[in-house]
Amino acid sequence: MGSLVGAPWLRIRALPEVSSSFMRPSLHFKFETHFRKFLSVSASSNPNPPSNGGNGEVRVRFAPSPTGNLHVGGARTALFNYLFARSRGGKFVLRIEDTDLERSTKKSEEAVLEDLSWLGLDWDEGPGVGGDFGPYRQSERNALYKQYADKLLNTGEVYRCFCSNEELEKMKEVANLKQLPPVYTGKWVTATDKEIQEELEKGTPFTYRFRVPKEGSLKINDLIRGEVCWSLDTLGDFVILRSNGQPVYNFCVTVDDATMAISHVIRAEEHLPNTLRQALIYKALGFPMPKFAHVSLILAPDRSKLSKRHGATSVGQFREMGYLPEAMMNYLALLGWGDGTENEFFTMEQLVEKFSIDRVNKSGAIFDMTKLRWMNGQHLRALPTDKLVNLLGTRWKSTGILSESEGTFVEEATDLLKDGIDLIADADKALSNFLSYPLHSTLASPEGKAIVEDKLSEVSAGLLAAYDSGELITALEEGHSGWQKWVKSFGKTLKRKGKSLFMPVRVLLTGKLHGPDMGASILVLHRAGSCGVIMKEAGFVTLHERFQMLRELDWEALSKESIAEPAAAVSH
């Protein structure tokens, strides 16, 4: 809802669920948001805008500029638009704002489209899809912008300005000295037809400058921020068409949103100041105004605006780091929105079902890498088993740990290690660590020395005897039940149980103090020695090699080292 108040001819009646129109002198109108049905529009179409209001269809748009990578802030804006459209049975439109000819690139556009597709934000209209309201690139809509600019020129809402850059700079300096807003005060706002014709005949470059009322104020009802008001006397007449014929951003956006039947504009709060100029253009052209919702910025932990200096900020970077699109969407949705419960895990279907714009917070949201990583782990482990096995197996093969990406070993290793993996990239370290056997460094650690002192050599001797007799291998061949039966019997033989049994056995067989379930770990290690898929570069130490190392351990030297070190510390 928007209204102009102050000057008599600018008063607009404020009604619930109503957008107002720009008023001409001595006229008083109101525009309802329930628009008429839209017609097809192209760059050379009828300059009268279509409308979508008969059926109240929700139409939102995401309009990235192809001048760089898709930032997580942009991705969240796209997500909120997508969720709003899907939750209301509306349309999600993608428009490429490539009027910055110097910085816009085809490569950047392709990257943005790829990132949006990867995130699962499929658009109903736009590049690669088409639609009744194209073209969907601003660079292809110049004829349409010129049409509407000329319409404003003919109605007197816009005038030609022949001021040079030097003259404009002088106006800014004067305003600055007087401590006034840098508003336009040039002669062309009141120039005569004769003065204008003389400049046209001389071929003097000119811009199209919009006439801003000198009194009054403009208010909008932002769906997130509530009432927002601007005083018109701080704005000054602004340019909508440059001297080279290129339209200015605020003019393009207004014409595009109106002729594409956009019902709701959901965008970042940094665009809030643009709303004043755009609202004036809507009214001058007689366009129905959409409803606005300005989403807060995403902030770094230090509460500054999230930028490259804080680390990864683009969707492409997170994709390369191994984040899942489902996790990215879930996490971004929670940056400023929640369903009012303690729940933080949402699928896209659940987000669509629960999303509402009135639950979007207007305060800035902190981007927490640790939370995002945790959430990725939740989504990773929620994947169907076959998909997770495929992801990890493919990763292990591509990084040279395994020679095959599928099979029983991959399935068992995935099931065993998944709880310690939050990112696909973590899988390399998880499997490499699992296959390694850092026995000596473990026994030399403070915690390891305590285990050595608890007669670890006796446990080692018992394990070696069980291995040499074939008893242990036979138990492992029988699987989980065989291991359970054997380890229980082994504990009775040593008169150990619980931690006093399992900790020394874990250290001797895995070389580590901690890790996944010990029984499952030993079974997978046993299979690793016979499956033939472990690459030499993986640094795998087989069970046979582990027992050989145990056989060669000098327990007496280890015990002496354990006793000598505290004495040395006291001496020091």
* To do: Just say parallel, tilted or perpendicular for the rings of Phe92 and Tyr82, cut-offs at 30° and 60°.
  => perpendicular
Nearest heavy-atom approach of Cys161 to Arg209 is SG-NE, 3.5 Å
Original post:
Between Thr313 (side chain) and His71 (backbone), is there a donor-acceptor pair under 3.5 Å?
Top reply: no
Discussion item. Taking the side chain as everything from C-beta on, heavy atoms only, tell me whether Trp230 gets closer than 4.5 Å to Leu272.
Written reply: yes
**Asked** Any donor and acceptor pair, going by atom type alone, linking the side chain of Asp426 with main-chain N or O of Gly420 inside 3.5 Å?
**Response** no
- Task: State, without any angle test, whether Asp368 and Tyr331 hold a side-chain donor-acceptor pair at a distance under 3.5 Å.
- Result: no
| task | Output, in order, the C-alpha distance, side-chain angles, deciding distance and verdict of side-chain contact (heavy atoms from CB on, under 4.5 Å) for Leu383 and His379. | result | CA-CA 6 Å; Leu383 291 174; His379 278 273; over 6 Å; no
side-chain hydrogen bond (donor to acceptor under 3.5 Å, both in side chains) with Gln278: of Thr254, Asp257, Asn250, only one passes, and it is Asn250
> Checking Asp422 side chain against Trp374 main chain: does a donor-acceptor pair fall under 3.5 Å?
Replying inline: no
Rounding to 0.5 Å, atoms OG1 (Thr77) and CZ (Phe62) come to a distance of 6.5 Å
Separation between CG (Asp150) and OH (Tyr145), nearest 0.5 Å, reads 15.0 Å
For the residue pair Ile96 and Tyr136, establish whether any side-chain heavy-atom pair is separated by less than 4.5 Å. no
So OG1 of Thr341 and CZ of Phe346: to nearest 0.5 Å the spacing works out to 5.0 Å
**Q.** Expected output: side-chain Ser296 to main-chain Ser363 donor-acceptor under 3.5 Å
**A.** yes
Output for pair (Leu79 CG, Met348 CE), nearest 0.5 Å, gives 5.5 Å
Subject >> Thr275 and Arg267 side chains, donor-acceptor separation under 3.5 Å >> reply: yes
Item to complete: Please lay out, stage by stage, how Arg86 and Asp124 fare under the test salt bridge (Lys or Arg N to Asp or Glu O under 4.0 Å).
Response: CA-CA 10 Å; Arg86 293 288 177 265; Asp124 301 299; 3.0 Å; yes
Heavy-atom nearest pair, Ser432 first then Ile401, reads OG-CD1, 3.6 Å
Does any non-hydrogen side-chain atom of Asp98 lie less than 4.5 Å from one of Pro66? yes
Taking the side chain as everything from C-beta on, heavy atoms only, tell me whether Phe210 gets closer than 4.5 Å to Asp237. no
Heavy atoms of Val524 and Phe409 approach each other most closely as CG1-CE1, 3.6 Å
Q: Verify, without hydrogens or angle tests, whether Arg359 (side chain) and Trp337 (backbone) share a donor-acceptor contact under 3.5 angstrom.
A: no
*Evaluate the side-chain proximity of Trp123 to Leu116: yes if any heavy-atom separation is below 4.5 Å, no if none is.*
yes
Note: Asp222 and Ile224 closest approach over all heavy atoms is OD1-N, 2.8 Å
The reported gap from NE2 in His294 to NZ in Lys362 (rounded to nearest 0.5 angstrom) is 14.0 Å
query: Do Phe133 and Asp256 have side chains that get closer than 4.5 Å, going by heavy atoms?
result: no
- Do Glu110 and Thr105 come close enough that some side-chain heavy atom pair is under 4.5 Å? no
- Query: Okay, side chain of Ser263, backbone of Arg59: is any donor-acceptor separation there less than 3.5 Å?
  - Reply: yes
Output for pair (Ser521 OG, His526 NE2), nearest 0.5 Å, gives 14.5 Å
**OP:** Give a yes or no on whether the backbone of Gly68 and the side-chain of Ser108 come within a donor-acceptor separation of less than 3.5 Å.
**Re:** yes
Check: Do any N or O atoms from the side chain of Asp415 and from the backbone of Glu411 form a donor-acceptor pair under 3.5 angstrom?
Finding: no
- Output, in order, the C-alpha distance, side-chain angles, deciding distance and verdict of side-chain contact (heavy atoms from CB on, under 4.5 Å) for Met289 and Lys283. CA-CA 8 Å; Met289 262 213 304; Lys283 297 173 190 302; 3.5 Å; yes
Scanning both residues in full, the closest heavy-atom pair of Ser403 with Met535 reads CB-SD, 3.5 Å
TODO: Just do the side-chain contact (heavy atoms from CB on, under 4.5 Å) check on Val265 and Arg61 with the steps written out, would you?
DONE: CA-CA 7 Å; Val265 174; Arg61 49 73 166 179; 3.5 Å; yes
Q. Is Arg277 reaching over with its side chain to a backbone N or O of Phe238, donor-acceptor style, under 3.5 angstrom?
A. no
*Check for a donor-acceptor pair, side chain of Thr394 on one end and backbone N or O of Leu391 on the other, with a separation under 3.5 Å.*
no
- Query: Do the side chains of Leu241 and Lys146 get nearer than 4.5 Å, heavy atoms only?
  - Reply: yes
inquiry  = Pair Asp419, Arg381 - check side-chain contact (heavy atoms from CB on, under 4.5 Å), show working.
reply    = CA-CA 7 Å; Asp419 287 343; Arg381 288 181 281 280; 3.4 Å; yes
Correct closest heavy-atom pair for Ala382 and Phe345 would be CB-CZ, 3.8 Å
